[in-house]
Amino acid sequence: MSGYKLVIVDDEPEIREGLQMFDFSPFGIECSGSFGNGLVAYQSILKNPVDIVITDIRMPLMDGLELAGLLYRQFAFIKTIILSGYDDFQYAKQCLRTGVIDYLLKPLDFDELAATLEKAVQSLNEQKQTVLRTTILERKAKLSAKLLRRNFLKELMHRALTPDEIEEGCSAGEMLLDSGIYTVCVFRPDSLMDRAFAYSAKDWNLIVFAIDNIVTEMWDDKFGYHFVDTETGNCYILAVSPDIQPPHDGLTNALLDLKQALSRFRGLLRTTVSIGIGTTVRDAADIPLSCRHALASLAANGSPDTVASYADMCGSPHPTLRSDAAALSEAFTKQDGAVESGRLMIEEAKKYIRENYERSLTLRDVADHVHVNPSYLSFLFKKVTGNNYIHYLTYCRLHKAKQLLADPQHKVYEVGEMVGYENPRYFSEIFKRYTGRTPQEFRNGIIK
């Protein structure tokens, strides 16, 4: 097997150039690029998969150990080779914990590099093609779920959604919004208003990527969720964990920790960052209110590099949502033959769900299949079945999950992926919500 791709990551141009002159072809390897730091390399690898990474340890923005750790957690098949001028055993031990296959000292001995490359290729050859294909599919699913989450969060922040829309969006984006307490916070880069004149497109994309990456690592699935507006650079953060919500100061402390982490990229951003904290609300439908207040607190506070909090206010109900649903129901019942045709449409929708539940499946996907708009399908599903679309999708997924859990050769997280859940924590939470037991508890009960 051959045709493996390799990248070089080192902040010293002469090192990169020297390595690029090395003949990798006898090992069946193509050098597909070189980068001056780990952040740019990581951004590229997410878009253009590679098999081998040769990286220095000490670099700006993101060092080699941090890069190796990210790659090990997300793409375990990538073989990482560490270069360093520091003969320090502590570095070597850290490398081993992040899945690095070898640790080479500078100045580099090319015979040692050749031996290490042979080892890397042998390890890659031993991995079956089915494993590689599965990894690629999982990566695509992860990117799909992340995009669905971003789109849903953007909508959730800016308009009042119905309970069904919230439930469907949470399922597609693998989010849990059941804490009953929500606060929106906005991180604003203070001096990026004229970014078209101050940054190249490449630098701007790197800034957005850096912000998104650090917030994902420090915030998501721990305290809540986020998305970054690619036009303004504003980072919209949703806090859902009750442990950090007001009146405790946990939220402020968590945000300041995040702000401190972002300061690592101050040389890239060339700006300070301010934080606006919105109203804490008790209903997910009122999240747009909290978002408006977070933005208002930033607008009212003219000082850069600050944390501004909006005064507590109560959310208001959204009667138009209920009246629209009532009008739709009345129109439906007045149409001749509407009930019977509706049942046939829902049967076709359910069939499509049963055949496609194992992939990222949205209400729009199903609506497109039966040739109606998503809002009407959502209404019709509840009218005909008594439950909404997402309940049926979840039933199909968990019914199959129970069957797969009976086979101990499948790990619990693998079962989740096989039925359409990319996030193992989300799969476990949803399984317990519907069955009263975690997947592992369910499996233990079967095996006994």
Side-chain angles (χ1 to χ4, degrees), residues 145 148-186 219-221 223-227 229 234-247 251 276-298 309-330 362-364 366-367 373-383 385-394 426 429-430 433-434:
L148 290 171
R149 176 183 289 188
R150 182 189 183 281
N151 292 342
F152 170 62
L153 277 170
K154 191 171 184 178
E155 198 168 17
L156 180 68
M157 297 279 187
H158 293 101
R159 77 174 180 90
L161 302 180
T162 66
D164 282 354
E165 287 175 319
I166 291 172
E167 188 171 14
E168 289 156 9
C170 284
S171 176
E174 300 196 355
M175 295 169 51
L176 294 168
L177 293 183
D178 53 7
S179 67
I181 182 167
Y182 314 98
T183 307
V184 175
C185 312
V186 179
W219 189 270
D220 284 14
D221 296 322
F223 299 125
Y225 309 98
H226 86 284
F227 79 92
D229 187 321
N234 287 350
C235 181
Y236 292 80
I237 294 175
L238 178 62
V240 302
S241 173
D243 298 336
I244 62 168
Q245 297 279 14
L251 178 60
I277 303 176
T279 305
T280 298
V281 297
R282 299 283 177 175
D283 189 328
D286 290 327
I287 286 174
L289 177 68
S290 181
C291 183
R292 289 197 297 271
H293 290 171
L295 292 170
S297 68
L298 285 172
S309 181
Y310 198 90
D312 275 352
M313 294 177 63
C314 296
S316 58
H318 308 282
T320 55
L321 299 176
R322 289 191 287 275
S323 60
D324 288 346
L328 189 58
S329 179
E330 183 179 352
T362 65
L363 177 64
R364 180 170 293 280
V366 184
N373 68 60
S375 297
Y376 183 68
L377 179 62
S378 177
F379 156 77
L380 196 58
F381 221 101
K382 180 169 285 188
K383 189 77 175 177
T385 70
N387 287 310
N388 62 19
Y389 138 83
I390 205 63
H391 287 168
Y392 187 72
L393 173 62
T394 304
Y426 180 79
E429 291 285 347
I430 288 296
R433 180 183 298 176
Y434 278 79

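Count residues from 1 along the sequence.
Nearest approach of Glu167 to Tyr434, heavy atoms of both residues: OE2-OH, 4.1 Å. Taking all atoms of both residues into account, the shortest heavy-atom contact from Gly276 to Ala294 is O-CB, 3.6 Å. In terms of heavy-atom proximity, Pro288 sits nearest to Ala285 at CD-O, 3.3 Å. For Ile277 against Cys185, the heavy-atom pair with the smallest separation is CG2-SG, 4.2 Å. In terms of heavy-atom proximity, Val240 sits nearest to Tyr225 at CG2-CE1, 4.3 Å. Pairing each heavy atom of Ser290 with each of Val281, the nearest pair is CB-CG1, 4.4 Å.
In this structure, Thr162 OG1 and Glu168 CD are separated by 7.0 Å, a value rounded to the nearest 0.5 Å. To the nearest 0.5 Å, atom CD1 of residue Ile390 and atom CD1 of residue Ile430 are 8.5 Å apart. Here Leu363 contributes atom CG and Glu165 contributes atom CD; the two are 9.0 Å apart, rounded to the nearest 0.5 Å. In this structure, NZ in Lys382 is found 12.5 Å from CG in Leu377, a value given to the nearest 0.5 Å. The CG atom of Leu177 sits 5.5 Å away from atom OH of Tyr182, with the distance rounded to the nearest 0.5 Å. Here the CG-CG distance, from Leu148 to Leu153, works out to 11.0 Å after rounding to the nearest 0.5 Å.
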- Message: Go through it in stages, so that I can follow the logic: the residues are Asp178 and Arg433, the test is salt bridge (Lys or Arg N to Asp or Glu O under 4.0 Å), and I'd like the CA-CA distance, side-chain angles, deciding distance and then a yes or no.
- Response: CA-CA 11 Å; Asp178 53 7; Arg433 180 183 298 176; 2.4 Å; yes
- Task: Applying side chain to side chain contact (heavy atoms under 4.5 Å, CB included), run through Leu298 and Val186 and close with a yes or a no.
- Result: CA-CA 8 Å; Leu298 285 172; Val186 179; 4.0 Å; yes
- Query: What's the verdict on side chain to side chain contact (heavy atoms under 4.5 Å, CB included) for Arg150 and Tyr236, showing C-alpha distance, side-chain angles and the deciding distance?
  - Reply: CA-CA 10 Å; Arg150 182 189 183 281; Tyr236 292 80; over 6 Å; no
- Item | Full working for side chain to side chain contact (heavy atoms under 4.5 Å, CB included) between Tyr392 and Asn387 | CA-CA 8 Å; Tyr392 187 72; Asn387 287 310; over 6 Å; no
- Between Phe227 and Asn151, is a side chain to side chain contact (heavy atoms under 4.5 Å, CB included) present by the stated rule, with each step listed? CA-CA 9 Å; Phe227 79 92; Asn151 292 342; over 6 Å; no
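A donor-acceptor pair under 3.5 Å is formed between the side chain of Trp219 and the backbone N or O of Leu238. In terms of modelled atom types and a separation under 3.5 Å, the side chain of Arg149 and the main chain of Ala172 share no donor-acceptor contact.
A side-chain donor-acceptor contact under 3.5 Å links Thr280 and Thr183. A side-chain N or O of Asn388 and one of Asp164 form a donor-acceptor pair less than 3.5 Å apart.
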